[in-house]
Structures are given as structure tokens and as C-alpha cells.
Amino acid sequence: AFLLSFPEAFVSEVHKRISNAFDVFDHEFNHTVDVREIGTIIRSLGSFPTEAELHDIIAEVEEEEPTGYIRFEKFLPTMTKVLMEHKFRPIPDNLLLQAFEVLDQQKRGYLEPEELSKYLMQEGETFTQEEMEEMLSAALDPDKNVIFYKDFVGMMTIDDTQ
């Protein structure tokens, strides 16, 4: 009933986006993906659930007896609802920038990698070492070895006007 309130063309476009993202990870071409890829698929669709929310989604789309794989037929309706309801939207860039500015107490316009690691690996919903390394590889200025966070926020935020 939820989907009936949307134009069919819009729903079909959302289904196509989900299908395309899913297919990238469907290495066997059998309409299943490894459960460990679900977070990446969801993020590639512009939704950014917390780890707890991701576990809830996985619990919803997993088989009664977990197989380690997620079937497209179970993933599609759940992910369609997530996208249609604009759940787990990314944080707006101005808020992200404010957060970095709070961490940059000397108002230098950048953070040292050690500072950022300390904050992200010890506070709130912490990053793993692997996630931290992945982020630093994208965020670190190779010449200065610091994170110019204004540039990084520009890279991280998604243009929602598509």
C-alpha cells in the first residue's frame, strides 16, 4: 500500500537503481550477494545507516536460517521502502563542516591524521582500524599529510539534486 502513493515510473526508477547496485556484487549472477556486501550496497544508494540500523536491515532481509547470502527478492522491498522514505540520509555538509571545526580548536583549517583517528576511534560509534585507514586514504592531503576538512567534506557529501 505504501508504494501506491508514488507514481509508477518513480517506483520503477528506484527499483532499477537498487537492482543495478545489487548486480555489482552479484558475482555468481544468481540474484544473491554476500551478506557482508549489504552495507556497501546500501551506502552506494545514498543511505547511511548506523551499524545497529544496518544489523536491523540485514535481520529483515536474511533468510529464516541465515545462509550468509541475501536474495534480491527479499532485499528489493526493504530497500525500496528505505529509499522512498528517505531514511538514513547523509548529514548535510554544513553540519559536517561544523563538526570538523569543533575538532579544529586552533582554527587551522585542517586536522592532523592522529587527531582525527583519536576522535573517530574513541568517541561515539567508533571506526575500526580498517575504516580509519580507508577514510585517511581518501582524506589525507598527500603533500602536507593533514586533512583539509573543507575539501574532504566537499568530497564526502552527495549531491541530492539528481
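Just so it is clear, the values below take in all heavy atoms, side chains as well, and ignore hydrogens, waters and symmetry mates. We number each residue from 1, following the sequence as shown. Remember, it's a predicted structure, so these values are computed and weren't measured experimentally.
Counting only heavy atoms from C-beta outward, the side chains of Met84 and Val11 approach each other to under 4.5 Å. Contact check for Phe88 versus Leu54: no side-chain heavy atoms found under the 4.5 Å cut-off.
The aromatic rings of Phe72 and His31 are tilted relative to each other, their planes meeting at an angle between 30° and 60°.
Taking hydrophobic clusters as Ile, Leu, Val, Met, Phe, Trp and Tyr residues chained together by side-chain heavy-atom distances below 4.5 Å, Val24 shares a cluster with Val14. Residues Val153 and Met132 share a hydrophobic cluster, clusters being chains of Ile/Leu/Val/Met/Phe/Trp/Tyr side chains in contact below 4.5 Å. In the hydrophobic clustering of ILVMFWY residues, with side-chain heavy atoms under 4.5 Å counting as a link, Phe148 and Tyr119 come out apart. Put simply, Val35 and Phe25 are part of the same group of oily side chains (I, L, V, M, F, W, Y) that touch within less than 4.5 Å, one to the next. The hydrophobic clustering, which links ILVMFWY residues whose side-chain heavy atoms are closer than 4.5 Å, places Ile58 and Tyr69 apart.
Here the closest heavy-atom approach between residue Asp104 and residue Gly109 is recorded as OD2-N, 2.7 Å. A pairwise comparison of heavy atoms in Thr128 and Met121 identifies C-CE, 4.2 Å as the closest pair. Closest heavy-atom contact between Phe75 and Ile70: CB-CG2, 4.1 Å.
Here CE of Met135 is found 5.0 Å from CG of Leu120. Values are rounded to the nearest 0.5 Å. Of the inter-residue distances, the one linking Glu63 atom CD with Arg71 atom CZ reads 4.5 Å to the nearest 0.5 angstrom. To the nearest 0.5 Å, atom CG of residue Leu140 and atom CD of residue Glu112 are 9.5 Å apart. Taken to the nearest 0.5 Å, the CD1 atom of Ile18 stands 4.5 Å off from the CG atom of Leu83. Atom CG of Leu111 sits about 10.0 Å away from atom CD of Gln105, to the nearest 0.5 Å. To the nearest 0.5 Å, the span separating CZ on Phe100 from CG on Leu116 amounts to 5.5 Å.
Lys16 and Glu13 are joined by a salt bridge, as a carboxylate oxygen and a charged side-chain nitrogen come within less than 4.0 angstrom of each other. Under 4.0 Å is where a charged nitrogen must lie from a carboxylate oxygen, and between Lys81 and Glu60 no such pair does.
Checked by atom type and distance alone, the side chain of Arg89 pairs as donor or acceptor with a backbone atom of Gly46 at under 3.5 Å. Under the 3.5 Å distance criterion, the side-chain polar atoms of Glu53 are matched with a main-chain donor or acceptor of Thr50. Between the Lys107 side chain and the Glu101 main chain, a donor and an acceptor come within less than 3.5 Å of each other. Distance alone, capped at 3.5 Å, is enough to place a donor-acceptor pair between the Ser117 side chain and the Pro113 backbone.
Within 6.0 Å of the CD atom in Glu73, the count of heavy atoms belonging to other residues, nucleotides or ligands exceeds 12. More than 12 heavy-atom neighbours from other residues, nucleotides or ligands sit within 6.0 angstrom of CZ on Arg108.
Scored by the side-chain contact (heavy atoms from CB on, under 4.5 Å) test, Asn30 finds Asp26, Glu28, Thr32 as partners (sequence neighbours excluded).
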